[in-house]
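Throughout, protein chains are lettered first and strands after them, A, B, ... in sequence-line order, and every chain is numbered starting at 1.
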Protein chains: 2
Amino acid sequence: MSEEKHKTKDRLLDAAESLFASKGFDDVSIRELAAAADVNVAAVNYHFQGKENLFQQVIVRRFVGQRDNTLHALDGILSDPANKPDIAQVIKTLVEQYLKSTLSSPGGGSFMLLVAREMQSQKHHGSKTFFKEMVMPVFRAYSMALMDVRPGLKQEQINWIMASIVGQIHHFIMRWHKKSGFDARSEEIRMMIRMFPALGLSMDEYIAQVTDHITAFSTAAIDSLYPEVSP
Amino acid sequence: MSEEKHKTKDRLLDAAESLFASKGFDDVSIRELAAAADVNVAAVNYHFQGKENLFQQVIVRRFVGQRDNTLHALDGILSDPANKPDIAQVIKTLVEQYLKSTLSSPGGGSFMLLVAREMQSQKHHGSKTFFKEMVMPVFRAYSMALMDVRPGLKQEQINWIMASIVGQIHHFIMRWHKKSGFDARSEEIRMMIRMFPALGLSMDEYIAQVTDHITAFSTAAIDSLYPEVSP
DNA sequence: ATATATATTAAACATTTGTTTGAATTTTGC
DNA sequence: GCAAAATTCAAACAAATGTTTAATATATAT
């Protein structure tokens with residue numbers, strides 16, 4: 001096995017990531033994948049022993065990197081001796097990392113949408129370890145970070161807070177992607193933008209505004225519901 | 001056409017609602033529908049001219065009722081002269097109605113999940129008027145209610161607030177439904193409950209706790225971000 | 001260079017999908 | 001009661017799906 005790029009297996013993984021992200025697992029056929037990667041239809045089964053397996057490897061391949069990025073970003077603000085991290089900083093880091101990952105996918109696909117879908121679908125294409133290896137570490141790290149900056153918070157309270165934050169993130173991701181599913185000049189798009197003007201922005205601006213909003217909204221809620229114990 | 005119940009068309013609509021809600025549009029075959037309703041496979045096309053059309057009629061049939069219930073519930077707290085409504089009351093009504101609808105579906109299916117899916121999917125099986133007839137009126141009514149109880153709020157701010165609330169609602173609905181997709185004794189379920197203990201509750205208790213949390217969380221955020229102008 | 005393992009290919013396979021057909025059956029209007 | 005309309009039915013249809021096969025080509029190693 002050589003070190004060259006553009007081998008069949010890699011092209012397949014790239015095409016699969018982009019296609020799965022933009023259309024979901026069920027709506028991508030093996031023939032579609034093969035055509036996009038410019039390989040034979042049998043290649044999927046030869047190299048990955050099936051469509052499900054390919055999907056899993058797609059998730060693992062990129063999510064491992066994203067997970068480490070997210071954990072590293074958090075570590076950056078926590079371990080900087082010149083920085084006294086507050087709760088807004090932790091939340092902003094989480095939201096920003098989550099949303100930024102949406103852009104970083106090759107082919108313009110939304111990788112984190114793939115994850116959001118997987119986390120919400122009652123079908124389980126991902127590996128059994130997806131939850132354990134991918135979701136849990138990030139959840140734990142940010143839980144501990146929240147406890148760090150707000151020692152009064154109990155685990156149960158953090159569970160609810162995290163759910164509210166992640167729920168908002170997913171919703172704004174889905175909203176953007178839903179918009180992308182319509183014709184740019186359709187009536188539906190005009191209605192959506194009228195109902196939510198931020199959808200008319202560029203993706204970068206959208207991410208920036210969404211990040212600011214979720215951070216402000218959630219921080220305000222936490223500060224008000226679970227006020228810091230005075231020193 | 002008689003007034004009798006249990007006619008083919010109605011049985012088909014009932015079976016479709018339950019099946020679509022629990023599995024989604026694509027994962028329900030016409031043969032599955034026919035078997036569940038105990039009718040011939042051709043009945044779907046004879047009575048509804050296709051699967052998509054059946055889906056639309058399923059959504060419209062029930063959602064019209066839900067929409068009116070939701071609007072009526074809101075009207076109830078706004079027009080009661082003995083009641084001075086506050087922002088928590090409005091939000092709680094929205095969340096509660098939304099979540100309650102999850103239970104009211106026949107066959108134990110989650111009807112609102114169907115709606116949540118439709119609102120998030122980039123595929124558009126619903127009618128073109130789904131957005132205009134179903135989503136917009138509820139959105140508008142609650143927007144106006146929020147403006148009523150908090151005159152200082154601008155439309156743009158309400159857009160963001162509503163998005164955060166609806167995002168949380170959808171997330172908690174999805175979370176419950178995701179749990180239902182696993183074996184009750186599986187390792188995944190144990191992990192999910194450990195990460196979020198409320199999932200171990202009964203559905204009624206889950207709805208009650210989620211309602212309380214979203215209401216408290218969002219109200220706190222709004223009060224803090226956009227404090228009431230002092231009289 | 002040659003034998004052996006690896007990779008690619010076109011074709012076929014077995015299912016499943018939504019839909020249609022045309023005959024049989026039931027209901028309706030008179 | 002009977003003709004006409006509406007409904008039900010088993011069967012077939014065309015298209016798409018994931019996967020497998022067996023032949024061919026390419027690369028690897030000795």
Any idea which of [options] is nearest the [X] side chain?
{"X": "A:Tyr46", "options": "C:dT17, C:dC13, C:dT6", "answer": "C:dT6"}
{"X": "B:Thr8", "options": "D:dT8, C:dA7, D:dT19", "answer": "D:dT8"}
{"X": "A:Ala42", "options": "D:dT19, D:dT8, C:dA10", "answer": "C:dA10"}
{"X": "A:Ile30", "options": "D:dT19, C:dG18, D:dA6", "answer": "D:dT19"}

**Message:** For A:Asp14, is there an ion pair with A:Arg61 - N to carboxylate O distance below 4.0 angstrom?
**Reply:**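 Yes.
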**B:Lys179 with B:Glu188: basic N within carboxylate O range, under 4.0 Å** =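 Judged by the 4.0 Å cut-off on N to carboxylate O distance, B:Lys179 and B:Glu188 do not form a salt bridge.
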Rounded to the nearest Å, what distance is computed from the [atom1] atom of residue [X] to the [atom2] atom of nucleotide [N]?
{"X": "B:Phe55", "N": "C:dG18", "atom1": "CZ", "atom2": "P", "result": "13 Å"}
{"X": "A:Arg31", "N": "C:dT15", "atom1": "CZ", "atom2": "P", "result": "16 Å"}
{"X": "A:Gln49", "N": "D:dG18", "atom1": "CD", "atom2": "C1'", "result": "14 Å"}
{"X": "A:Leu33", "N": "D:dT19", "atom1": "CG", "atom2": "P", "result": "11 Å"}
{"X": "A:Asn45", "N": "D:dT20", "atom1": "CG", "atom2": "C1'", "result": "8 Å"}
{"X": "A:Lys51", "N": "D:dA16", "atom1": "NZ", "atom2": "C1'", "result": "12 Å"}
{"X": "A:Leu12", "N": "D:dG18", "atom1": "CG", "atom2": "P", "result": "13 Å"}
{"X": "A:Asp26", "N": "D:dG18", "atom1": "CG", "atom2": "C1'", "result": "12 Å"}

**Asked** For C:dT6, does either OP1 or OP2 sit under 4.0 Å from a side-chain N or O belonging to A:His47?
**Response** no
**Short side-chain N/O contact from B:Asn40 to OP1 or OP2 of D:dT7, under 4.0 Å** = no
**Request:** For residues B:Trp176 and B:Tyr206, establish whether the separation of their ring centroids is below 6.0 Å.
**Result:**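 Ring centres of B:Tyr206 and B:Trp176 closer than 6.0 Å.
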**Item:** Face-on cation placement of B:Lys51 at B:Phe25 ring, 6.0 Å and 45° thresholds
**Value:**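 Yes, B:Lys51 and B:Phe25 form such a contact.
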**Asked** Mapping A:Ala43 and B:Val41 to their closest nucleotides on DNA chain C, which lands nearer the 5' end?
**Response** A:Ala43
**Message:** To check you understand the geometry: which heavy-atom pair defines the closest contact between A:Leu74 and A:Thr93, and what is its length?
**Reply:**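 So the two residues come closest at N-CG2, 4.1 Å.
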